[in-house]
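Quick note: numbers below take in every heavy atom, side chains included, and nothing from hydrogens, waters or symmetry partners. Whatever order the structure lists them in is the order used to number ligands and atoms, beginning at 1. Worth saying up front: this structure is predicted, and the values here are computed from it rather than measured.
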Amino acid sequence: MNTLSILLDAFPRPVSGERIASANGLSRSAVWKQIQVLQKLGLKIEGKQNSGYRLLEWPDLLLPEMIEHYRSGQLGHPVYWHDVLASTNTTAKDLARQGAKHGTLIVSETQTAGRGRRGRTWVSPPSEGIFASLILRPEVPTRRVPLLTLATGIALVEALQSFGLHEAWLKWPNDVWVGRRKLAGVLSEFSGELDRVDFVVIGMGINMHQAEFPSEIDHTATSFFRETGQRTNRAQVLAGTLGELEKILPLLEQADTAPLFTAWQKHDRLVGQEVNVIETTGTYTGKALGLSESGALRVALPDGTEKLVLAGDVSIRPHTDS
Ligand code: BTN
């Protein structure tokens with residue numbers, strides 16, 4: 001077990017340098033060097049001659065040892081942690097092309113070019129949010145990949161609710177909203193052929209500790225902290241989300257999609273709302289009817305016909321009195 005895992009397990013008690021050294025097969029001075037590296041990362045570690053090393057506060061970093069501490073299943077192993085990346089999705093795709101295994105997770109404390117859906121930017125301030133991309137090699141036909149993205153939205157909502165954010169809801173295709181503001185989003189990128197999935201990269205962005213946002217999005221974005229007043233541990237929320245996804249994944253692989261639709265309906269608050277739909281082919285309005293079997297959004301048009309939205313942008317229309 002490595003130095004940080006030993007300190008986490010012992011928290012808040014101290015561990016002697018000798019014990020850490022023998023558990024790792026290291027010299028005492030090598031342990032001291034590792035402690036200095038951890039301190040440089042921002043971990044509060046005290047060293048005392050007679051008692052050893054002690055974590056003074058529970059860390060809020062997305063380090064592999066932190067995720068490992070909370071992880072319950074096989075997703076999120078291994079974890080590649082970065083202080084800064086352009087985009088965890090871009091790095092994840094590179095790793096996947098090089099053969100990274102199912103369940104590999106790439107996390108970064110900040111992103112300089114975080115990407116959202118439809119070419120948008122994902123604002124990624126240092127250590128304020130969760131910026132993570134999961135590499136999956138699921139045993140599903142390509143046509144079921146969109147359901148996997150929906151499943152990630154469900155996993156996010158269920159995890160966030162379990163940490164006290166009871167008001168989190170799902171907005172098609174995979175946004176998590178609280179009230180009329182967005183809290184989390186999913187960007188999935190797929191590689192494969194018509195009948196075969198090579199890999200899917202599931203990028204998750206969750207606003208956690210932000211007290212405010214850049215002015216352009218401040219009225220439409222929210223964070224876990226804004227909603228609950230709590231600074232909940234990010235590694236715990238991420239591991240919780242992976243745990244929820246791990247429950248749904250086998251169902252998708254066995255083509256048992258009914259529980260997924262039931263879970264979606266439970267959290268979907270777009271149904272019955274008047275929406276604006278922007279697609280590459282044009283813009284129209286209608287009423288959201290819920291998910292189709294393929295994972296598209298069913299929209300009732302004013303002329304009584306129904307349309308399936310496969311990849312558009314959907315916004316809720318403000319209520320009018322007329
Ligand atoms: C959206 O709602 O538009 C999707 C946002 C997805 C953002 C995450 S942050 C981690 C991963 N890396 C990226 O560049 N994007 C996703």
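- With sequence neighbours excluded, the residues forming a side-chain hydrogen bond (donor to acceptor under 3.5 Å, both in side chains) with Gln210 are Asn207, listed by chain and number.
- Heavy-atom neighbours of Glu279 CD from other residues, nucleotides or ligands within 6.0 Å: above the threshold of 12.
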Table of N or O contacts for ligand 1, cutoff 3.5 Å:
residue  : atom   : partner : partner atom : Å
ligand 1 : 2 (O)  : Lys182  : NZ           : 2.5
ligand 1 : 3 (O)  : Arg117  : N            : 2.6
ligand 1 : 12 (N) : Thr88   : OG1          : 3.0
ligand 1 : 12 (N) : Gln111  : OE1          : 3.0
ligand 1 : 14 (O) : Ser87   : OG           : 2.7
ligand 1 : 14 (O) : Arg115  : N            : 2.7
ligand 1 : 15 (N) : Arg115  : O            : 2.7

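- The closest side-chain donor-acceptor pair between Arg115 and Thr90 falls under 3.5 angstrom.
- Looking at Arg137 and Asp198, their side chains come closer than 4.5 Å, going by heavy atoms from C-beta outward.
- Legend: residues meeting side-chain hydrogen bond (donor to acceptor under 3.5 Å, both in side chains) with Gln254, ordered by chain and number and at least two apart, are absent.
- The stretch residues 7-26 participates, sequence neighbours left out, in these side chain to side chain donor-acceptor pair (under 3.5 Å) pairs: Thr3-Asn24.
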